[in-house]
Every structure is written in C-alpha cells, then in structure tokens.
Amino acid sequence: MGSLSDKEKQTMREMQDNLRADPFPLNTYTHIGKRGPRRLDGHLKASGKADYTMDVQLPGMLHLRFLNSPFPHAEITHMDTTEAERLDGVRYILRYDHPDLPSRASLGKVTGIYGDPPPLSRFAHFEGEPMGAAVAAETEDIAEEAIRLIKVEWAERPFNLDIMAAKDKNAPLSYPEMYPDSNYWNNGLFDVLIQGDVKKGFAAAEQVVEFAFVRRGHTWIGPERPCGVFRWKGDCPELWVKQQRPHLVKKNLCTWYGGVPMNKIQLHCLYQGASFGGWVQVPWNMGPLYCAGLVARETGRPVKYAFSRREDFYGQSMDDGIYRFKVGFNDDGTILAVEGTSTCANQIWPVFNPVNHLRENTRIPHLKGKIETVWVNKGPAVPTRCEQLPATLSLTMVFSRVAAECGLDPVAVALKNDGVEGHDMVHVSAEKKKLGFPDIDSLAVCVEKGKTAMDWDAKWHPPGAKQLPNGRMHGMGFTWTNEWDDSLGSSEIAIRIERNDGTATILSMGCDNGVDAENTYCQIAADELGLNLEDVHYNPQVDPGFFRMSPDSSTNLSVNGWAVRHAARILKQRILEAAVRPTAETQRGSFRAAFPDCAPEDLDILGSVIFKKSDPSESITLADFVREAGQSGPVTSTENAGFRWAFTEPLFAFSYHVQVGSYNPENPRPHLTRQAHFLEVEVDTETGEIFIIKAVNVNDVGKAINPMSCEGQQYGGTVMGWSRGKFEEMIYDPATGVMLNGNLIDYKIATTLDVDAPIDTILVESGMGYGPYGSVGIGEDVGTVMTGLIGPAVHNAIGVWIDDHPITPDKVLKALGKI
Amino acid sequence: METKDFICPHCAKGFKSPEEMKAHMLADHRGGALPSPEGRIRLTINGKAHAPDVKPNWTLYHLVHDHLGLTGAKQFCDRGACGSCTVIMDGKPVLSCMILAIECDGKTVETVEGIAAAGHPLINAYVKHHAMQCGYCTPGFVTTSKALLDDNPRPTANEVKIALSGNLCRCGTYPQHTIAVLEVSQKLTAS
Amino acid sequence: MKNFEHFNARSIDEAATLLVRYGGNAAFIAGGTDLLGKMKDRILPAYPEALINIKTIPGLDAIEETDDGLSIGALATLAQIATHPVIREKYTALAQAAGRTASPQLRNMGTIAGNLCQDIRCWYYRATQNRFSCLRKGGGRCYALKGDNRYHSIFGGSVKGGCIAVHPSDTAPALIALDGTVITSKRTVKASDFFKVSVNRTTVLEPDEIVTTIHLPAPAPGTQSAFMKFALRQSIDFPIVNCAAAITCEREAVTRARICLNAVSVVPRRTVAAEQSMVGSNIDENTADAAGAAAVANAEPLEGNAYMVPIARTLVKRTILVCGPSPAEVDPV
C-alpha cells in the first residue's frame with residue numbers, strides 16, 4: 001500500500017502543475033479561512049507543558065560548553081587542559097587536535113553556500129567564536145568553570161571590522177583559512193542583475209539622484225538558545241535538536257563518524273523558541289552537534305550542548321553594509337533606471353541583489369544591481385527573517401527618495417511604477433489571464449484599504465511640514481512590495497485514517513517555530529477530506545522520512561499546503577472506493593459493505609460522515625465505517641479465542657509536491673500579490689526620540705487559510721520590524737573587535753511599551769498566489785519590510801534623511817543640527 | 001594564640017569550647033535549634049510543601065526547572081532582562097534566574113504549571129487570542145498576567161502593558177496579551 | 001555560576017563579621033539583581049568566595065513617616081517605594097524614579113539600597129570573563145575613552161581622570177534632589193556625598209559597611225518634585241540621561257531648587273548652576289530652558305555621546321516644568 005496507481009499519478013501530475021492558478025479549488029470552505037480554530041499548540045504552550053530542546057534532560061546527561069576566542073582573529077598555538085581536567089565534575093575535554101575531528105570537507109554535505117567551517121577549529125575568525133576546545137561536565141556551571149581553567153596560548157592576527165577597509169586589496173585577510181585570496185567575495189546566486197540598459201535610462205530621465213545609506217548588522221535573538229542533545233544507542237544515534245531544518249541534520253549526520261546509515265538515526269525536533277532563520281540552520285550549528293556526538297561516544301553518556309546567550313549573538317543579519325544607489329526618474333514619479341550596489345559583511349549566501357525587488361514587482365525598465373560581499377571578523381551573516389532584508393530596504397529607500405524628490409505622495413509613486421520585471425500592468429493583466437488568475441490590481445486594492453485605515457490622505461503631508469501641538473514633528477511613511485513566500489521547495493506528507501475512531505493523522509516532519517502552520521495543514525486536510533477539524537491532527541515526527549519545508553525555508557504553506565491537499569484528495573478517493581466495495585477484503589478482514597450499490601462519485605464526506613449525494617440520509621460516520629473493520633488494529637491469535645480477527649487495509653495516502661518558485665532563476669514566476677504598509681510616527685526634536693503612533697499592514701495573501709495566524713505575522717512583524725529599525729545593532733569595540741552588547745540588556749529589543757500603538761492588520765484575498773486555493777505565505781514579509789520603514793517616516797517628519805539604520809536618537813539629533 | 005575550634009553554625013563566630021558555643025547560640029540566636037542542614041530549604045510550590053537540598057549557586061530557576069521538572073519557567077536571557085523565567089513568589093512576579101534558591105526558605109512559589117492546573121481562564125484566553133507564537137516566552141507572560149490580576153483584578157489596558165513590560169516576546173505578540181488579559185479580567189470580575 | 005559559600009545573616013554585626021572573615025572576598029546580597037549578573041558573567045577579577053544574605057536581617061524594609069520626614073529601610077523594594085501612597089504624594093520624584101527603574105519583576109526584587117550601591121554598566125567593565133582590565137578594576141586604562149562611548153560621561157572622568165563610566169541609578173538623583181540622607185551601619189552621609197568613585201567602588205561605603213536606612217526630610221510647603229528618564233526603551237533599560245528636581249515656590253517664585261542629573265557623569269550630578277538660575281524666577285518655558293542650558297554649560301562630550309547634551313538639557317527643562325504650576329502642558333519623556 002501507499003504507492004500510487006497510474007490514475008493517481010496522472011492526478012498528481014495535474015495537481016502539481018503549480019505554474020498557474022490553482023485549477024482545482026474547492027467550491028465551499030468549511031474550515032479554511034475561518035477565524036477561531038484554536039491553535040494545536042495553544043494549551044501546551046500557554047500552560048508551560050510544551051517541550052523544547054533546552055528542557056530535555058536524560059539520565060546521566062553531560063553538558064558541553066565551548067571555548068570562546070577572546071580575539072577577533074587568532075590561532076591557538078598551544079593549549080594546556082591539565083587544570084581543567086582536574087576540576088571535580090569534568091568528564092571529558094575535546095580538543096581541536098582530536099584525531100576524529102574532521103576537516104571541513106567531511107562535515108556534512110552542505111558545503112559552499114553557507115561556508116563550511118570545521119568543528120572546534122584551531123583558528124578563530126571572530127571574537128567569541130566557539131572553537132578550540134569543548135568541555136563536558138556534570139553541570140553547565142562546571143563545564144563553564146573548566147573552560148576558564150584551560151590555558152591557551154594565542155597568536156593574534158590582524159583583523160577587519162570595517163567593510164570598506166577590508167575591501168582594500170592591501171587589507172589583512174579576515175578568513176584566510178576559507179578565503180585565502182581576498183576579503184572580497186563575489187559568488188552569489190544573483191550577485192549581478194541586469195535588466196535593460198541603465199545608461200539609457202539615466203540619459204532619458206528628467207532627474208537623477210545618487211544616495212547611499214548604511215544598515216548596521218543586527219541579529220535574530222531566538223529566545224531558546226541553540227542547543228542539541230546527542231546519545232548513542234549502540235551504533236544508532238538518537239538526537240534532540242533545535243533545528244529549523246531537522247532533515248539537514250540527518251543529511252549531514254549520515255556522513256559523520258565514518259558514516260551512519262540514515263535508517264539508524266533517530267531524531268526528535270521539539271517545539272522551538274524561534275530563531276527566524278538564524279544560527280540554527282547553518283553548519284556553525286552542526287559543528288557543535290558533531291562535537292556532542294563525539295563526546296557522547298567517548299564518554300558513553302548523553303551529551304547536551306547549548307550555546308551561551310552571548311554565543312548566539314555572533315551571527316547576524318545579511319543587511320550589514322553600505323548601499324549606494326543612482327536613480328533616474330521623471331518629475332511625475334516614473335522611475336526609468338536604478339543602479340544599486342550593496343557592499344555587505346559576511347553574506348555567506350548573498351542571494352538578494354539590491355535591485356531584486358525592483359525587478360520582481362515594478363515596471364522600471366533599466367536595472368543594474370551588484371552584491372559585494374566583504375569578509376570581516378564578525379560572525380556569519382545568514383538569513384534573519386529574512387535574507388531579503390537588503391532588497392526590501394533598498395526598494396523602500398529608492399521609492400521614498402523618488403517620492404520626496406518629486407514632492408509626490410509615495411503611494412502614488414508606487415502605483416505609477418507597479419509591474420513585473422520591467423513590464424507594466426497591462427502586460428501583468430495579460431499574464432494573469434494566461435495563468436488562469438483573476439485580474440485584480442493587488443497593489444491598488446492594498447493601498448486603498450490601507451489608506452482608509454490610516455486616513456492617509458488626511459494625514460500625509462510634505463516632509464518636515466507638520467509640527468504637532470505637543471511640539472513633536474509628525475511623520476508618515478509608506479512602503480510596499482510583493483508577497484514572496486511562494487518559492488521553490490519540496491514537501492512530503494502522509495495522512496492516515498485511524499482504525500478505531502476514523503480520525504485522521506497527518507504525518508510529516510516536526511519543526512514548530514510558532515507560525516501555527518500545522519493548524520493550517522489540518523484545516524486543509526479537514527476541508528479536503530470532509531472531516532471535522534477536531535478529527536484531524538498533525539503528528540510531528542522526523543524519522544519516517546516525510547520531510548517538508550520548515551518554517552524558515554521561505555516557503556512553507558505554499559509547498560506543504562499543496563502536499564497536504566494532494567494527499568488528502570488521494571485519501572478521500574480511497575475512502576470512497578472502499579465504501580462502495582461489496583467487501584473491502586485485504587488480508588483477513590473487511591470493511592463493511594457500506595454503499596455496495598454506489599460508485600465512489602455518488603458519495604461524499606462532510607462533517608466526518610460518508611453519505612450518498614442523492615440522498616444524504618443514507619449515511620455512515622467514518623468512525624463507524626472503519627471501526628468494525630479493525631477495532632483494535634493488529635492483534636494476534638484472537639481467532640482461537642473466538643474473536644473475529646478484523647484487519648483491513650490501511651486507509652493511508654502520501655503525496656508530495658515540488659514547487660517551482662521565483663527563487664529559481666531559470667523558471668521565475670511573476671509575483672502577482674502585493675503588500676502595503678503605512679506608518680505614523682512622531683519625532684521629539686529635543687531628544688531625538690521616535691514614537692510609533694499607528695501602523696497599518698495590508699497583505700494580499702491570496703487566500704487566508706488561517707486568518708488569525710496571518711494576522712500574527714502582521715502585528716508580530718511590525719513589532720519586530722519597529723524594534724530592528726529603531727534599536728537593534730551589534731556594537732563592536734573598534735580597537736579590539738570585541739562585541740560590546742551581546743546580551744539582552746545592552747542589545748535592545750522592543751518591549752510592549754515601545755510599540756504601544758494600534759497596529760491595523762488587513763488581509764486581502766485576491767486568489768493570485770501560487771499556493772493552494774490561490775494562497776501565498778506571509779511569515780517573513782512584514783517583519784522584513786517594516787524594518788526599513790522608520791527611515792522614510794522620520795524623513796517625512798523632520799524633512800532630513802538619516803542614512804544610517806537603525807534610526808537612534810543620536811542620529812535624529814545630528815540630522816536636526818542639534819549636535 | 002588561642003584557638004577557637006568551635007564555630008557557631010549560625011554566625012560562624014569561634015569559641016573555645018562547645019559549652020561556650022551553646023551558651024552563645026542560646027543567647028544570641030534566640031535559643032533556636034541548630035540550623036537546618038546546609039542547603040535544606042522548605043518552601044511551598046504550587047500549593048505543595050517541598051524541602052529540597054539546594055546548593056548555594058542554584059538559582060530558583062535551576063531548582064524548579066532542572067530539579068523539580070517544572071519546565072514552564074524558561075531561560076531566555078539568564079540575566080534578569082526578559083521575564084521568561086517569571087514565577088510568582090509571595091504574590092509578586094519575580095525572575096527565578098536572578099534569585100538564589102537557598103534564599104527561598106519559607107517562601108510560597110507559584111509557577112505556570114500551578115496556574116494551569118488550577119484551570120485559570122488566562123490559559124484559554126491566551127490560546128483563543130493567539131497570544132503566543134513560538135511559545136517560549138508565553139509561560140512567563142501568563143505568570144506575570146496572573147500575578148497582575150491577583151493584585152489588580154480590573155486593570156486598565158495601560159496597566160496591563162506596564163505590568164507586562166518586563167517580558168520580552170521576539171515573535172511580537174504583544175498586542176494580543178492586552179486583549180487576553182482584559183477579557184479574563186472582565187470574566188473574573190463579572191462573576 | 002561557580003559555587004560559593006552562603007550565609008543568612010541575622011544581624012548587621014553578623015553580616016559584617018562574616019564579610020571580614022573572608023578577607024573581603026565575599027559580598028553582601030540583597031535583591032541580587034546586579035550581583036548575580038556580575039557573577040554569572042565573571043566580570044570581576046575575583047569571584048566571591050561567599051555571599052552573605054542581608055535580607056534575613058529583620059527590620060530593614062520598613063517605610064515610615066517620622067516627625068521630620070520619611071524613613072525608608074534599606075531593603076524596601078523599588079516596587080514598594082513606587083507604589084507607596086505617601087512617597088507618591090510628598091516625595092513624588094522618588095516614587096517616579098523607582099517606578100521607572102528596570103522592569104516590574106526587577107522592581108519586586110531590587111532594593112532601594114541596592115539601586116544606590118549598584119555597579120556601573122560600562123560595557124567594557126561588564127564585558128564577560130573580565131575581558132578588559134580597566135581602570136575601575138585596577139587596570140591600566142579606560143577602554144571606553146577611545147572606544148565606543150555612546151553611553152558614557154559627558155562631564156569628564158574619574159579614577160586617575162580616566163574612567164568615564166556613568167552612575168546608572170534612577171533613584172540616586174531623586175534622593176539627592178529631595179536632600180536625602182543615607183544612614184549606614186557606621187555613619188550618616190548626605191545622599192549628595194554618598195557617591196564616590198574609586199577602584200571597585202561607586203560609593204563612600206567601606207567594604208563591611210551596610211546601608212540601613214534612607215532618610216528624606218519633609219518637603220517644605222510649596223515644594224513639587226519630579227523625575228524624568230530618557231532611555232532607548234521604555235522598560236528594562238538603564239537611563240541614557242535622567243533628572244530629578246525638587247522645587248519650592250512661594251507665590252509662584254522659586255525659593256529653593258535642587259536639581260540632579262544622572263547617567264551623564266561618573267557620579268550623580270547636582271546641577272547647581274541650574275538651581276541658582278531658577279531661584280527668584282517663575283517656572284516657565286524660558287526660565288526652565290535657561291536652567292537646562294546652565295546644567296550642560298560645562299559638558300565635555302566625547303566622540304560618541306554628544307547627543308546626550310541636548311537630551312540632558314531637555315530633561316532638566318522638562319523636569320522643572322513638571323514641578324511648575326501647570327505641568328499638564330508638558331509631555332512626559
């Protein structure tokens with residue numbers, strides 16, 4: 001069972017055609033789109049019962065902590081661990097020279113795009129880097145104390161913090177072990193993007209402006225520290241990991257310790273105190289896990305490793321850098337050409353060109369964008385909700401500048417340039433028609449709703465024009481872009497009908513980051529199968545191998561939603577086929593002959609009841625249908641005891657989906673849905689403080705399957721975006737390269753009083769997404785886009801650009817000439 | 001030089017003989033019995049009496065989370081700056097990561113597990129209003145909210161926000177907490 | 001945390017004796033919110049061998065009105081002070097300062113004496129594992145002077161003229177503005193004389209000296225006091241600048257003003273020039289602004305903290321205005 005029939009394969013092929021509008025939407029929705037289905041994880045999380053990897057304790061478990069480099073660039077020349085070994089409670093010290101520590105090439109199969117540092121390297125490339133040695137002890141406190149007793153001789157090396165200085169060809173090398181030729185690296189997926197001919201555009205433009213801005217690196221702050229637990233059961237590893245991509249752990253682990261067969265790896269992925277991409281998905285996380293496995297093997301005991309809170313601070317967002325733009329436009333706000341260069345620190349995956357979003361959703365004909373990655377001695381820059389931070393910030397700054405230069409309302413400038421890949425809306429309309437989508441002007445709908453909610457037309461004013469009675473300057477900011485969470489990815493989902501009560505279990509990888517995705521899958525399965533929502537449950541697990549996109553993968557709902565739907569449709573067909581058989585014998589049992597005179601298409605399921613379409617009174621609950629045929633599942637030898645041995649075929653289906661998304665440069669799809677965001681601020685010109693007064697988020701999610709979850713991403717994203725735009729940056733001592741604010745007191749994230757303003761969340765449902773039912777994801781969007789919106793809002797308030805994000809009071813006062 | 005081999009277990013003063021020490025203990029320490037064994041504390045947690053032996057360097061978080069299995073208190077910042085490890089001690093929300101367990105003798109402690117077990121309506125309200133995403137900080141918020149409602153059954157929206165201003169939520173669920181807490185406040189004060 | 005010995009002191013003498021017994025390598029613990037953070041981060045060269053709990057000393061947490069003012073036990077929590085009806089009414093600046101300190105939970109834990117005696121927040125001093133052996137730890141230099149000093153003193157340094165770490169207390173300026181007195185196990189000190197910087201020290205306290213009581217004189221008739229704080233965040237944050245003022249008026253003219261800034265200098269800074277500029281004047285936008293200007297006239301900002309000067313000036317102005325006849329017109333910071 002489980003393999004697909006030819007007919008099912010054909011159905012799959014038809015269903016998997018995701019380059020166009022959903023050809024098979026449902027006529028009616030019972031659970032999809034409804035407010036109020038309670039969170040699957042709600043009670044567990046609210047009552048403190050949800051289990052996280054940090055909470056895991058195993059009998060005899062040791063705690064592993066790492067040596068941190070005190071220098072931003074150094075190598076260990078000698079290490080003496082004698083004193084540390086003598087400390088009571090220390091059980092093992094793993095050193096960089098342990099023969100079983102691999103060189104970089106053997107640590108897993110994920111190489112290249114994230115870099116591939118070896119675990120426990122002898123070399124440090126940023127201050128605080130976990131490296132050199134790891135101590136396993138009975139408690140975390142003892143391990144930490146033992147680390148202090150390790151005597152290390154260091155050879156310090158020259159280091160770089162400043163990207164422009166590091167770019168210079170005479171600068172010392174920042175990462176000679178990995179990048180021996182230069183600090184300048186240009187190896188991105190979209191490192192150069194050219195559309196049209198910018199020279200022509202600039203020549204034709206009525207105005208040309210050039211500007212530059214800086215964004216300081218910030219970080220994700222996953223509330224749960226990166227951690228994992230490793231134990232060996234014979235030669236079978238059992239692991240608990242805080243990992244947004246648990247399947248990658250297996251993929252890597254199967255190459256470790258001389259090779260571990262995939263089918264011997266038992267992996268648990270519990271609830272996760274979020275990480276928004278971040279540290280947990282990169283090999284810097286794999287290295288410590290590798291060490292934990294090695295120490296577990298050497299000691300014969302389970303080993304938990306956990307980064308310290310400070311260690312978690314050393315990774316950073318991908319937008320840390322300098323952005324330079326030249327923009328040609330006409331007086332009416334029509335943009336003709338944009339040339340942009342982003343020079344960013346440590347972008348190990350520099351996918352998002354500064355003009356990327358201008359390509360995806362505008363008609364600007366001439367674009368040229370370049371990413372420059374420069375290695376400096378800071379932590380790795382990785383997707384931090386999300387890797388598109390540089391691209392959306394760039395779009396926001398380009399459009400805000402043009403609107404300000406033209407003296408126009410930025411909403412009007414957005415509408416004037418909306419389009420796709422250099423094409424205008426006429427072309428986009430034709431595309432929509434061709435792909436089977438409704439022809440809705442998404443941006444126009446979004447801005448109309450948003451303007452009304454914000455009372456934009458009454459509140460917007462030219463920059464620096466409105467002082468309030470309380471003395472503060474009033475500012476309005478607007479930005480927009482496409483919704484982007486529909487990208488390439490793959491997913492495997494299985495659903496089974498439980499024998500005893502007819503409930504449905506969705507089986508797939510566990511990986512909960514809080515977006516309530518599993519509830520969404522249950523809603524889809526319930527509607528597709530005709531079951532009550534409470535009869536569908538998501539059972540997260542990793543080992544059966546049904547891997548799905550996890551919430552960090554920029555594509556969650558659109559890929560997994562499809563796979564759930566495919567599986568549910570195949571399963572429903574199987575249920576109905578079983579229901580019409582005279583007896584659905586398989587081995588020694590049978591389903592009852594429920595509807596022997598019918599064909600499957602004569603039947604339907606609703607409310608967990610199978611019924612005859614022509615006469616709904618002829619019905620049987622799914623529970624009753626399956627119960628008699630297999631009340632207790634597999635049992636042994638009951639025949640001899642006089643019981644009927646009922647064992648039917650499993651009502652089980654799996655399916656899968658491969659999404660061909662816009663991230664795939666060979667087969668991009670036009671982005672059709674838009675988001676629009678509005679921000680009202682007040683600026684205290686005597687102190688430089690910025691106050692949020694109101695925010696409006698409008699997202700065309702195509703179809704809101706789980707509206708409360710969507711709204712959670714809107715207000716949640718606004719809170720995070722406000723925090724990142726106003727406070728967040730990692731601060732390093734220029735002389736020593738030491739991070740100065742790697743804790744939650746000195747690194748500021750917003751409290752509830754810092755975002756004490758109404759946040760209106762509006763969902764638009766145009767049906768123009770590439771996900772099932774026309775949906776498109778939302779998780780990354782608002783938090784990423786809102787981060788850049790404070791700049792334009794403050795400019796509208798004070799009439800001066802602050803080209804250095806985050807926008808802190810000192811910069812406001814400087815812009816105002818107060819210092 | 002005199003040796004003082006007998007050290008008062010209360011105050012560490014030295015004495016030459018056990019008789020002298022005993023006299024001192026009766027006079028200066030109110031005639032109290034010998035102190036509990038080092039590190040033995042007695043406290044009430046979620047209504048139940050506990051008498052754990054703790055080490056001086058254990059925090060209250062360490063005691064409840066690692067040794068009593070009450071894992072609802074979560075470690076986020078571990079420096080008193082985030083509210084995730086909040087428990088209620090003698091009626092006040094406090095940060096268990098910055099309190100030494102050995103100093104909790106005689107205290108009454110309530111954790112999120114106790115709040116949930118008592119069927120407090122905050123739990124349902126938090127679920128209903130999605131006042132959580134990743135959920136890691138959520139028990140800290142629930143606990144802080146419970147302490148607020150005990151102390152001030154009819155808070156204003158602003159009072160709720162101030163009460164919760166020591167709790168960080170990285171997912172940004174702040175707007176929902178006020179809604180949930182005010183709804184529970186109305187429910188509890190109406191009946 | 002590395003382990004240590006722990007004692008519950010029953011009297012001040014006992015606590016002091018125990019401390020001496022450890023040769024000074026022990027620490028008193030009350031609220032613990034500062035001390036435990038320092039121990040967890042191992043920021044000091046010497047880790048305490050023992051902690052001596054002074055919360056077990058009876059009678060140190062009472063708040064009582066006396067004939068000549070108010071007496072606050074050293075162990076009174078910041079929350080107790082912030083919500084105390086008498087303090088809110090008559091010693092408003094102190095209630096406001098305590099209410100803006102740290103976070104609600106920390107205010108339930110932290111004590112008034114602990115808030116006065118807390119250590120500096122300089123991020124070089126606080127770098128984990130004692131990374132920078134700075135002047136304040138007996139080391140050779142101040143790393144902030146040429147480093148990132150965005151939160152450091154705008155009024156020069158201390159300790160061989162070098163250390164530019166500011167005093168981070170919110171309640172200290174309120175006590176100074178209210179002309180408070182600190183009573184210790186050994187003496188009585190004016191709050192304005194209580195803060196003094198030396199290696200490992202932020203106050204005049206000797207190692208085995210314990211604050212027992214804070215005394216505030218009853219305010220003269222016609223006195224208003226207020227506190228304002230500027231921090232990046234509205235909660236869980238130390239001040240970038242704070243200011244407390246207590247101003248006495250007779251027939252609208254100021255007869256006495258005590259104004260104190262903090263977080264701008266190595267110790268809380270009473271702004272005598274601003275006080276003098278107010279005496280004899282009415283409280284209005286112009287006089288308050290002039291006082292603000294006077295308060296920062298001698299500021300010597302560093303490369304990273306010039307922005308603190310206009311903020312300090314503004315806070316002095318606004319705090320004075322709140323003490324004036326029509327405070328409703330001013331927005332609280």
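Excluded from the calculations below are hydrogen atoms, water molecules and symmetry mates; all remaining heavy atoms, backbone and side chain alike, are included. Residue numbering restarts at 1 for every chain, and letters A, B, ... go by the order of the sequence lines.
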May I ask you to check whether over 12 heavy atoms, not counting those of Gln186(B), lie within 6.0 Å of atom CD? no
Hey, is the main chain of Lys92(B) close enough, under 3.5 Å, to the side chain of Asn108(C) for a donor-acceptor pair? no
Is chain B contacted by the side chain of Leu51(C), its backbone, both, or neither, given a heavy-atom distance below 4.5 Å? side chain
Against chain B, label Lys55(C) side chain, backbone, both or neither, depending on which of its atoms sit under 4.5 Å from a heavy atom there. side chain
If the contact rule is any heavy atom under 4.5 Å from chain B, which residues of residues 37-46 of chain C qualify, in numerical order? Gly37(C), Lys40(C), Asp41(C)
Looking at Lys55(B), I'd like to know if its NZ atom is crowded, meaning that more than 12 non-hydrogen atoms belonging to other residues, nucleotides or ligands lie closer than 6.0 Å. no
What closest approach, in Å, do Ser103(C) and Gly166(B) show between heavy atoms, and which atom pair accounts for it? CB-CA, 3.6 Å
Checking heavy atoms, do the side chain of Ala81(B), its backbone, both or neither come under 4.5 Å from chain C? both
Side chain / backbone / both / neither for Ser165(B) at chain C, heavy atoms under 4.5 Å: both
Tell me whether the count of non-hydrogen atoms from other residues, nucleotides or ligands lying under 6.0 Å of CZ in Arg88(C) goes above 12. no
Select, from Asn3(C), Leu36(C), Leu18(C), Ile236(C), the one with the greatest count of heavy-atom pairs under 4.5 Å involving chain B. Asn3(C)
Quick one, Asn167(B) with Gln105(C), criterion side chain to side chain contact (heavy atoms under 4.5 Å, CB included). Give me CA distance, side-chain angles, the key distance, then yes/no. CA-CA 9 Å; Asn167(B) 293 69; Gln105(C) 290 94 326; 2.8 Å; yes
In terms of heavy-atom pairs under 4.5 Å with chain B, which of Thr17(C), Thr56(C), Ile29(C) leads? Ile29(C)
Quick check for you: to the nearest 0.5 Å, what is the distance between Thr33(C) atom OG1 and Arg79(B) atom CZ? 13.0 Å
Please name the pair of heavy atoms, one in Leu100(B) and one in His6(C), separated by the smallest distance, quoted to 0.1 Å. CD1-CD2, 4.0 Å
Quick check: closest heavy atoms across Asn8(C) and Glu103(B), and the distance to 0.1 Å? OD1-CG, 4.5 Å
Which residues satisfy the ring-ring contact (aromatic ring centres under 6.0 Å, His included) test with Phe76(B), sequence neighbours excluded? none
CZ of Arg233(C) to CG of Leu168(B), rounded to nearest 0.5 Å, is 6.0 Å
Quick check on Lys161(B): does its NZ atom have over 12 non-hydrogen neighbours (other residues, nucleotides or ligands) under 6.0 Å away? yes
